[in-house]
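Contents: one structure, followed by commentary.
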Amino acid sequence: MALARVRSLTFTVSPPIWSSTRPVTTNGSGRVAPSRLRRLAAGLDTTAIVSGVLGRAKPRDIRYYVSSMSLEGVNRSAERFVTTLAREGGMKLAPRIFSHPRIPLEKDAVRQLRDAAQLPGVLDVVGMPDIHVGYGVPIGCVIAALDIVCPAAVGYDVNCGMRLLTSPLRAGEVNPKRVADEIAKRIPLGEGKNNYALDKKSFRRLVNKGVPGLADVDIPQLAKDLRHDWELVSEIDNIEDRGSLPANANACSDGALKRGRTQLATLGGGNHFIELQAVDRIEDEAVAREFGLFKGQFVIMLHSGSRGIGHQVGDDYMALGRQIADKDRREMVNRELPYFRLSEKHADDYLGAMNAAANFAFINRHLMALLVKDAFLTSYPGVRLKLLWDLAHNIAKFEEHLGNRILVHRKGAARAFGPERMKGTRFAHTGQPVLVPGSMGTASYVMIGTEKNADTYASINHGAGRVMSRIAASGRSRRGRDLRGRRAAISDEDFARAMEGIYLISENIRTVKEEAPQAYKDIDLITEAVVGAGLARTVARLKPLAVLKG
DNA sequence: ATGTAC
């Protein structure tokens, strides 16, 4: 973000937002010239660098956001892809939204950002270009905090995430229909259980350890189902946090554990999918080569999460947060935004339970990938798929940002570490891969983070983001409206046209329209915003051949 | 997202 340099300026400030983008050289008290004030008020210039002292940060690392203006509504900043909201009411800071000018901002999602900015102890609120309404906090945002954790800022689908498997084959050498059918035989789609139920004790041990815990667990039926020999623990350097977060399964309710025990290696419903894809375009030859990607290549993308256990953990702890707030007469911004102070035991419990669910999700995707690999190897003897990357896009984690330990909540936002933060890994020269799916039937992207994404706490969008509610999309309600308030049901014909040439296996044909391409924002436009804002770069564009949906 | 609500 380009920062204006001013000699002097009178203002009150929101909490500091650290940025490594530029050192501060100017002085921060005094008056601002009327011409500049007009620019600020017009939203052309909403940031200013000043020196100052606040908190533990070094003065030169601080950028204050001007918040003394009472600006109405949303201000378009001079930066084409950044919108800074006016700070008003009880907001602790001015949230920013990275988006594309051609994508209209959903009013209710913006309101949710304002609400989140009122949380006590919140440091920063940043909307992603795929932002849309979620429970309490929008999907497609980053909430940075110093001393609270907010379960709604993680969401119900803890560690919903992406995984990409690469093949050495060209798409023309593969029959996607056959592969999709083979996968469907092995992985339950939609609401469903598997044959890999674990006893309570083994399950607890497994989710405490994450993917590496698969070494110690015995799943006889899985061994029978797999026709080839696989190391259960493999490729963990290609999983975010090596598939293992510091978990405490004892902080999960019995109900949460019970739901999890029977759902390993199941896809789930909603926007979860397995997609067979072809590499459509290479945008960065050197990085693509490092990642083992080439034009025309056959790859498989998987999108799933923590299923019942994550949902239950979210439910349990949001209920607990509300209960405690009521008991202690602690104020909540609204009923959907309970939170815990990090000094409270409940915060540790939530984070431990959340990480147990997160580990479940890593294991879930890992096992499904194994079944996919096995299916593929059966159809194409000698061809083993390789894991490029597995990432979490619904999670809260402690990270260093400019010398401070910050709890970064990413809800529908993907971590996008550049090369610097990937030191000591095989991605030290490229940055981590970031997997960004479009909607069913449209393109997906492989991206890499830059060193310039401190503004979003090293995060980018997690996908395309809805533009139409589920109810509106499936036409279940006559009063169905899209998120801009227009009446919009998708006809069967329109749906078929959007999916033309793509082989679709769907568990529930009645609800699959909720995931229609028309219900989502334009992934190419969103990617343009992310690249334009300097948050990430594109490596490859992928197009769908076949989709398996819950 | 979700044993798609208590």
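Just so it is clear: chains get the letters A, B, ... in the order the sequence lines come, proteins before strands, and each one is counted from 1. Below, each value reflects all heavy atoms present in this structure, side chains not excepted, and no hydrogens, waters or symmetry copies.
The interatomic distance linking F360(A) (CZ) with dT2(B) (P) rounds to 10 Å, in whole Å. Note: OH (Y156(A)) to C1' (dT4(B)) measures 12 Å, nearest angstrom. Atom pair H311(A):NE2 and dA5(B):C1' shows a separation of 11 Å (rounding to whole Å applied). R322(A) has its CZ atom 11 Å from the P atom of dC6(B), to the nearest Å. Taking atom OH of Y135(A) as the reference point, atom P of dA5(B) lies 14 Å away to the nearest angstrom.
Between E275(A) and S444(A) there is a side-chain heavy-atom pair separated by less than 4.5 Å. With contacts defined as side-chain heavy-atom distances shorter than 4.5 Å, the pair Y350(A)/V154(A) qualifies. Annotation: side chain of V142(A) is in contact with side chain of M128(A) (closest heavy-atom distance under 4.5 Å).
Residue E515(A) is classed as a sugar-phosphate contact, given heavy-atom separations below 4.0 Å to backbone atoms only. G269(A) comes within 4.0 angstrom of sugar-phosphate atoms only, judged by non-hydrogen atoms across all strands, and of no base. Using a 4.0 Å heavy-atom distance criterion, G155(A) is classed as making no nucleic acid contact. When heavy atoms are screened at a 4.0 angstrom cut-off, G310(A) is found touching no nucleic acid atom at all.
The distance from the CG atom of L264(A) to the NE2 atom of H366(A) is 12.0 Å, given to the nearest 0.5 Å.
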